[in-house]
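First up is the structure itself, then whatever we jot down about it.
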There are 2 protein chains.
Amino acid sequence: MSPDRLNAVFAALADPTRRAILERLAEGMTTVTQLAAPHDMSLPAISKHLGVLERSGLIERGREAQWRPCRLKAAPLKEAVDWIGQYRRHWEESFDRLDEYLQELQAKKPVRKGASREKSRKLSGPGTAVR
Amino acid sequence: MSPDRLNAVFAALADPTRRAILERLAEGMTTVTQLAAPHDMSLPAISKHLGVLERSGLIERGREAQWRPCRLKAAPLKEAVDWIGQYRRHWEESFDRLDEYLQELQAKKPVRKGASREKSRKLSGPGTAVR
DNA sequence: TTTGTGTTTAACCATCTGGTTAAATACAAA
DNA sequence: TTTGTATTTAACCAGATGGTTAAACACAAA
């Protein structure tokens, strides 16, 4: 719910290395060195990625001797998916065409600021999406 | 599916102004000025945000006289939600505890590199999540 | 043609990001 | 205590990001 949390989660997911780390952690917790192995990148770089993931709440780091085992914490993903979920109807079925209908119907509301004497045609092109 | 596309979509969603713009567009297409109105920010700043959203495929910009009406294109959100969806079981139910079980079961695999003579105890603490 | 409105582009700036190498830290093992 | 392994921290760097103001562009209307 918190916007900051959403910022952090989406930002964390925006990097392919971090997404790969999460995918690895979905198989089970493991160490930093193991997480780093598939990536052509220095350990400090991986450590920074883990810091980002941890601050976003997507992982937890433990302590076992000199190892810092990482564990996936998926709860914030639920928040993210819930936020995106509000758009589900927009990508399902023939919503795009329905949308055009709805747009046209509500076109009576003057969406534009200084629009008093304008033509009431579609916003762009004949019949389909805006190009 | 394309990782670049996912990068762009998640990065676009990581900004609260852009998420607010998408929420406004979910009600129907509108102009840049209308989109900018709720935000304490210059028009060029909004224009940049719209550029980010357009490059991520989340909006389309049309052309009607001097207006550039924006329309939500939700398809990329499906990709994002599908990617996150692979973790659904991780945040649902009592997966966390189940997870610990699975971890322990697969602990026979030597997860650690130079681990030949180590104790086979849990990675952290007695019984619960890593702190 | 001039004027006014909507929007983008250009140039600039501060901060964040994602990487590097070198050094420090934490601990186990010898 | 020394040595070796795992990891983080520090310092640095290039490029991206998110904002600004001023100027340019696109078009409608007078």
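Every chain is numbered from 1 and lettered A, B, ... according to where its sequence line falls, protein lines coming before strand lines.
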Problem set entry | side-chain contact (heavy atoms from CB on, under 4.5 Å) partners for A:P16, two or more places apart | A:R19, B:N7
Problem set entry | All side-chain contact (heavy atoms from CB on, under 4.5 Å) counterparts of B:A75, not counting sequence neighbours | none
Exercise. Which residues within residues 50-57 of chain B lie with some heavy atom under 4.0 Å of an atom in DNA chain D?
Worked result: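 Heavy-atom cutoff 4.0 Å gives no residues at all.
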Problem set entry | Interface residues of residues 12-23 of chain A with DNA chain D (non-hydrogen, below 4.0 angstrom) | none
For this session: Quick one: sort the B:W83 and B:F10 rings into parallel, tilted or perpendicular, breaks at 30° and 60°.
Result: perpendicular
Starting from [atom2] on [N], measure out to [atom1] on [X] and report it in whole angstrom.
X     : N      : atom1 : atom2 : result
A:R63 : C:dA26 : CZ    : P     : 8 Å
A:N7  : C:dT17 : CG    : P     : 11 Å
A:I46 : C:dG19 : CD1   : P     : 8 Å
B:E64 : D:dC27 : CD    : P     : 11 Å
B:W67 : D:dA29 : CH2   : C1'   : 11 Å
B:M41 : D:dT20 : CE    : P     : 6 Å
B:R68 : D:dA28 : CZ    : P     : 11 Å
A:K48 : C:dT17 : NZ    : C1'   : 8 Å

Problem set entry | salt bridge (Lys or Arg N to Asp or Glu O under 4.0 Å) contacts touching residues 30-56 of chain A (sequence neighbours left out) |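 Listed once each, the pairs are A:E54-A:R61.
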Exercise. Which of these nucleotides, D:dA28, C:dT21, C:dA28, is closest to any side-chain atom of B:A65?
Worked result: D:dA28
For this session: Return the nearest nucleotide to the side chain of A:H49; candidates are C:dC27, C:dG4, C:dG18.
Result: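 When the side chain of A:H49 is considered, C:dG18 is the closest of C:dC27, C:dG4, C:dG18.
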For this session: Give a yes/no answer on whether the side chain of B:S42 brings an N or O atom under 4.0 Å of OP1 or OP2 in D:dG19.
Result: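 No, B:S42 has no side-chain N/O under 4.0 Å of OP1/OP2 on D:dG19.
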Exercise. A:H39 side chain N/O closer than 4.0 Å to the phosphate oxygens (OP1, OP2) of C:dG19?
Worked result: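 No, outside the criterion.
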For [X], give me all partners under side chain to side chain donor-acceptor pair (under 3.5 Å), at least two apart in sequence or on another chain.
X     : answer
A:Q66 : none
A:R18 : A:H49
B:R68 : none

Exercise. At what distance, to the nearest 0.5 angstrom, does CG of B:L35 lie from OG1 of B:T17?
Worked result: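 Atom-to-atom, B:L35:CG and B:T17:OG1 are 11.5 Å apart.
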For this session: For A:Q66 and for B:S47, locate the closest nucleotide of DNA chain C by heavy-atom distance; then report the residue assigned to the nucleotide nearer the 5' terminus.
Result: B:S47
Problem set entry | Pairing residues for A:E23 by the salt bridge (charged side-chain N to carboxylate O under 4.0 Å, His left out) criterion, not counting sequence neighbours |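 Expected list: none.
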For this session: Would you mind classifying the nucleic acid contact of B:A45 as base, sugar-phosphate or nothing, using non-hydrogen atoms under 4.0 angstrom?
Result: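 Base contact.
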